[in-house]
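Values below: every heavy atom of this structure, side chains too, minus hydrogens, waters and symmetry copies. We number each residue from 1, following the sequence as shown.
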Amino acid sequence: AQMRLDLVNLSMLLALLRRSDPEQDWRPVVSEWSAAVRLELDFAQEAASLREVARNLEVAGVVAIVPQPKDDLVTRRVLVMDFCAGVPAREPEQLAALGVDRALLVERVCAAFAVQIHQFGFFNADPHHGN
C-alpha cells in the first residue's frame, strides 16, 4: 500500500514540475516504471519469473541455482521459495574458506546475465541477496 501511495505522490510531484518547466516531462518514464513496480509487487508473477529464469538458464546450459517457489505457499502478496545457503560475493575470505573458485563464480554470473539479456530477453534485474 505504501509503495502505491509513493507512486501517486511521485506522479503528483512530477506534474507540478512539468507545470513549472514543460520540458521536464517525466510522465512516460514514471508510467513505465510504475507498471514494472506493480508487477514486482505481485508475488505470483515473481514466482512465475523465478521459474522462467531457471528454465532459461537450464536450457542455455548455465550452471546456477535459482530458488524455486513453493507453489502451495505463493499468493499475490506472499512469496515463499527455497532457501539457498551462501555467502556474499563481496566477502573473499568467506568464499576462500568454502573453497569457491572466484573466477568460475564470476564466469557463471556473467554467463547467467548474458543469457538472460541476449538469448532470452527476460532478465531478473533484481540481484540482491534475497534473489
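For the side chain to side chain donor-acceptor pair (under 3.5 Å) condition, the pairs that include at least one residue of residues 50-67, sequence neighbours left out, are Arg51-Asp71. Annotation: salt bridge (Lys or Arg N to Asp or Glu O under 4.0 Å) contacts involving residues 11-24, sequence neighbours excluded, comprise Arg18-Asp25. Applying the salt bridge (Lys or Arg N to Asp or Glu O under 4.0 Å) test to residues at least two apart or on different chains, the pairs with a partner in residues 81-106 are Lys70-Asp82.
The shortest heavy-atom contact between Met81 and Pro67 is SD-CB, 3.9 Å. Contact record, Arg108 with Val63: CD-O, 3.5 Å, taken as the closest heavy-atom pair. Closest approach of Pro69 to Leu79, counting heavy atoms only: CB-CD1, 4.2 Å. The heavy-atom pair separating Val115 from Ala60 by the smallest distance is CG1-CB, 3.5 Å.
Side-chain atoms of Gln68 come within 3.5 Å of backbone atoms of Val66 as a donor-acceptor pair (strictly under, hydrogens ignored). The closest donor-acceptor contact from the side chain of Ser34 to the backbone of Ser31 lies at 3.5 Å or more, if one exists at all.
Considering only heavy atoms from C-beta on, Phe120 comes within 4.5 Å of Val59 through its side chain. Using a 4.5 Å heavy-atom threshold, the side chains of Ser49 and Phe122 count as touching.
Here Val100 pairs with Leu95, Leu98, Leu105 under the side chain to side chain contact (heavy atoms under 4.5 Å, CB included) rule; sequence neighbours left out. Take Trp33 and apply the side-chain hydrogen bond (donor to acceptor under 3.5 Å, both in side chains) test, not counting sequence neighbours, and it matches no residue. Evaluation of the side-chain hydrogen bond (donor to acceptor under 3.5 Å, both in side chains) rule for Glu32 yields no partner, not counting sequence neighbours.
A distance of 10.0 Å separates CZ in Arg27 from CG in Leu14, rounded to the nearest 0.5 Å. Taking OG of Ser11 as the reference point, atom CG of Leu16 lies at 11.0 Å (rounded to 0.5 Å). In this structure, Arg76 CZ and Leu41 CG are separated by 9.5 Å, a value rounded to the nearest 0.5 Å.
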From CA spacing to verdict: side-chain contact (heavy atoms from CB on, under 4.5 Å), Leu57, Gln116 | CA-CA 8 Å; Leu57 293 177; Gln116 289 178 71; 4.3 Å; yes
Given Val80 and Val78, is the side-chain contact (heavy atoms from CB on, under 4.5 Å) satisfied, shown in steps?
-> CA-CA 7 Å; Val80 178; Val78 175; 4.0 Å; yes
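Under the 4.5 Å side-chain contact rule for hydrophobic residues, Leu73 and Leu50 do not share a cluster. Under the 4.5 Å side-chain heavy-atom criterion for Ile, Leu, Val, Met, Phe, Trp and Tyr, Leu10 and Val8 are members of distinct hydrophobic clusters.
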